[in-house]
Structures are given as C-alpha cells and as structure tokens.
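What you see below is based on every heavy atom in this structure, not just the backbone, and it leaves out hydrogens, waters and symmetry mates.
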Amino acid sequence: MVDEFRRAFQQLIDASVATDPRHFPPAVHTVYVLASRIPASERELALEALAPLLSGDHAAPGIIADLSVVAGALVEMGTDPGPTAPEVLHRLRTMGKGAIVFVRAWERTGGGPPPDPDSVTADAEARVAAELGTDAPNATMCWWTIRRHGLAARTMLGEASVRALVRRTPSLHAELMAIANQLSDLLDEFDEVRALLRMSEATSALVMDRHSQRAFRVLFDGIGDNFQLHTLLADALVGPRGQGLAGDPPDPRWVAAFRDSDPDPAAQTVRGWWNLVAHDGTWVWNEGVPAEIPTVDGEPVLVLDEQPYPRSWNAGRRHPQVRGWLEVESELPREEAALWWKRVAPAEPAIPSDDEGDHTPIPEPVLAVDEPEPGRVRGFLAEEAPAPAPPPAAPLAEPWTEPFPVPPPPAPDPRPPAGPRPVGPAPSAAPSPEPPGRAGRRPGTPGTGILPPLPPGVSKSANWGPTWR
C-alpha cells in the first residue's frame, strides 16, 4: 500500500511539473484513495515533497492552487503540515495581493460585485484591463485561484503549530490580516481566515478573581471566542478540581464541547459564572475574542466580577476543527496580586442604581439560541448599513496604496476540451491516532469538513489555466 501511494504521488508531482493533463487526474484520485490508509509518516513525506512546488514557479497557477488544496486535505486527515504550511501561507500572501488589485480595478470600472472566482471569463479580464493594462491577465489569474488558496490557508491555520509560526512572523500576520480584512466581505473563506489569525494573537492572560482577591496566569490556545474562554476558565479555576474558587464547577460535557468534542444534546446550555471585566472596568463581551482583551504592560488582564444577572450560552466551539485548551500556569503570590489589584478599577455595582449617571450599559442576556455572527471588519469595499451594536472589531490594516507587482505570467497551459466538472469524493477512513498533547486536532476525527475529500474541479486539467486564455 505504501509503495502504491509513493508511485501515485510521484506521478502527481511529475504530471504537475510537466503540465500533463492525461496523468494528473488519476494520480490525484489514487493519492486521495490511499492517503487515509497509510501511516501518517508517509503522508508527512508527501507534504514535504509538495513544498518546493508551492514555493516556486515550477507549475502553472491552476496546478499550484489545486496542489494547495491537496495539501490541506492531507492535513485534515491528521498529517502534520510541516514545511508545506508556510509555503501555503506565502502563496496566499502573493495571490491575495493580486486578487485585491483585481477587485479594486473591478470597482473602478463599473462597480458591482466581482464575478465568483470559479466563474471568471474573458469579459472580466477585458473589463479590468481598462484600469490595469498589461497587469490585467495576472491580476485576473490571482482572483481566479484565490478561493482555493483561501481554503488551503484556512485549514493550515487550524493547526496550533501554524498559528505559532504566524505569531513568530509579525509581517506575515499583518499582510495576511490585511488580505483577509479586504476579501472577507466577498468570500466566506476569508472571514474564517481572519478569525483564525485573530486566534493566533492571544495565548495567555492574567486572570484576577475579585471575590477572593487571587490572581492567576493562564495559558491557552485554540480559543475562538470568550464564551469558550469563560467556560474553560471555570473548569480550571472553580471548585476543588480547579483552583478552589467559589461556585459550581462546569458540567464536564460543556468542557468537552469547548475542547475537542461535539456538543452533547443533553447538555447544550451553559450557565455562566462571572461578569468578565477589563482592568479599566469596561466589560469584556462573551461574544468577543481573547485578542480584544485590554492589556497592561503588554499583558491581557481579565477580572472576574459578580454577574449582574444570570447568563447562558450554547456549548460548542466557534471553530469545530480547532482543538481548544486552557491551563493555569501559576498563581501569583498574595503580595504580587495585591500590587496588581492597585492597578485595577474598583468594582461597579452589579446593577447600577437609577440615580447614577454614566455607567457600563447592561447588554441583553445571551440565551441558548444560535449565536449571532460576530461583527465583521470592513475593508476597502463600500460599507453596508451598520449592524446594531456589534462588539469592538479588530483594527483594520491599511490597504495597499501602491500598484501590486503582479507575478510574471507562467508558461502557457494546455487547453483540453471542456467537459462536465468532475466531483469525485474519496472514500473516508479513520486516520492514525493523534499523539496526546495540548495542540492538535480532534483525536479520532478523520478530517473536519473544511476541505472536501476531493474538491470539485481538483484534478481537472481545465483548471490549470483559464478557459478564456
């Protein structure tokens, strides 16, 4: 089985470099069929072999986009992304800038929404050519492939190791965030990319309990919103199994749903413990994300206050494909905690009295219903009607103002006869078990559905080059 997979993967690479429309489709199909039946170590070697193809200009843009999706699907099977992940993100950075150039040119040449990336035609290229001139073909190529690059990047960012890489590379994070901000209104994939980039921004906090005057430093990752943070904090801090804070410990089924399991239908509604407050007394909304918690000397500080009224929310992670965890790193000595309390605003009344002037507004309770979509960060596109009172959004990175140097055109791609778009999902099978540890995907889950086993159009040679060229 391993030898058969190796032969198929070598055929995939050879066909990609040679732009061979006859051998590429069956090689892709065989790789998908066999990938879930071989050890994870073999899939890791295969991903490593893809990295040079994704980093250079050895293949046409359509091939590189399809190979990025193949790489993402292998990661969903439980494969460590290894050196392929940074290449996927770097490729998104390049193609994303070109896609934004296309969208701006589209707006300046008549307005209206741009065509779906999978439905780009010669007319679209001709329209932006009035603005971009000789750069129009490559900008259009970037838009044509951008969804596939976004899908692959979204899967890679679901991995803790990849988010750690992004944290270590601030320039890459900033550029990817700028791209996601400006494309998320047009393509849903980039709303998820933006959320995962925000997830990478916060992995620790100082948590201070007003009632006991105790303070803890906590570490976490894979936290998609403050509902998840709130619940995992309760698990780590409340009761004898935690740090002994007052209150009822959370139902273990709630905790499992916010870590790595599906929600239990018999335990869907979580009951809250605290009012989350920043050091300056402003409320930290459960609908927000940890990256929005205000900092003191660069450290996020979260105060646990009495609830002004009972709160509840649904058990379950915002990003089901991402495993979440939280642990207490240490408790501050009493003396150090006392110094921190001097830097924290005093508690406000749980329910402000009528004769008070300004006070923190009391939001509507969060009931156990489908969560509303969090507020979206707008890019350079026209604003829609404002949504009612969303939580504070991430600061919008400045869009590019200089013309994007679009990559040089690739070698001409073959033009095989058009035909029906093939859809060939590969049979699913359980991957090798994930080693225990904090970071990783859900144990025992053969993929998470972010990428289909065999996405429509992947392995179709017509996708290697635009049909209009």
List the atom of F258, the atom of Q228, and the distance in Å for their closest heavy-atom pair.
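Taking F258 first and Q228 second, the nearest heavy atoms are O-NE2, 2.7 Å.
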Kindly indicate whether the side chain of [X], heavy atoms from C-beta on, has any atom under 4.5 Å from the side chain of [Y].
{"X": "W254", "Y": "P263", "answer": "no"}
{"X": "W285", "Y": "E292", "answer": "no"}
{"X": "T282", "Y": "V277", "answer": "no"}

Ignoring hydrogens and angles, tell me if any N or O in the side chain of [X] forms a donor-acceptor pair with the backbone of [Y] under 3.5 Å.
{"X": "T145", "Y": "M141", "answer": "yes"}
{"X": "R317", "Y": "A257", "answer": "yes"}
{"X": "Q307", "Y": "G272", "answer": "yes"}

Once rounded to the nearest 0.5 Å, what's the spacing between atom [atom1] of [X] and atom [atom2] of [Y]?
{"X": "E48", "Y": "E87", "atom1": "CD", "atom2": "CD", "result": "11.5 Å"}
{"X": "W273", "Y": "D209", "atom1": "CH2", "atom2": "CG", "result": "14.0 Å"}
{"X": "E175", "Y": "T94", "atom1": "CD", "atom2": "OG1", "result": "8.5 Å"}
{"X": "L183", "Y": "R147", "atom1": "CG", "atom2": "CZ", "result": "11.0 Å"}

For [Y], is there an ion pair with [X] - N to carboxylate O distance below 4.0 angstrom?
{"X": "R210", "Y": "D305", "value": "yes"}
{"X": "R343", "Y": "D297", "value": "yes"}
{"X": "E107", "Y": "R104", "value": "no"}
{"X": "E331", "Y": "R214", "value": "yes"}

Residue list, side chain to side chain contact (heavy atoms under 4.5 Å, CB included) with D235, at least two apart or on another chain:
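For D235 the side chain to side chain contact (heavy atoms under 4.5 Å, CB included) partners, ignoring immediate neighbours, are P250, V255, R259.
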Tell me if the centroids of the rings in W313 and H230 come within less than 6.0 Å of each other.
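Yes - the distance between ring centres of W313 and H230 falls below the 6.0 Å cut-off.
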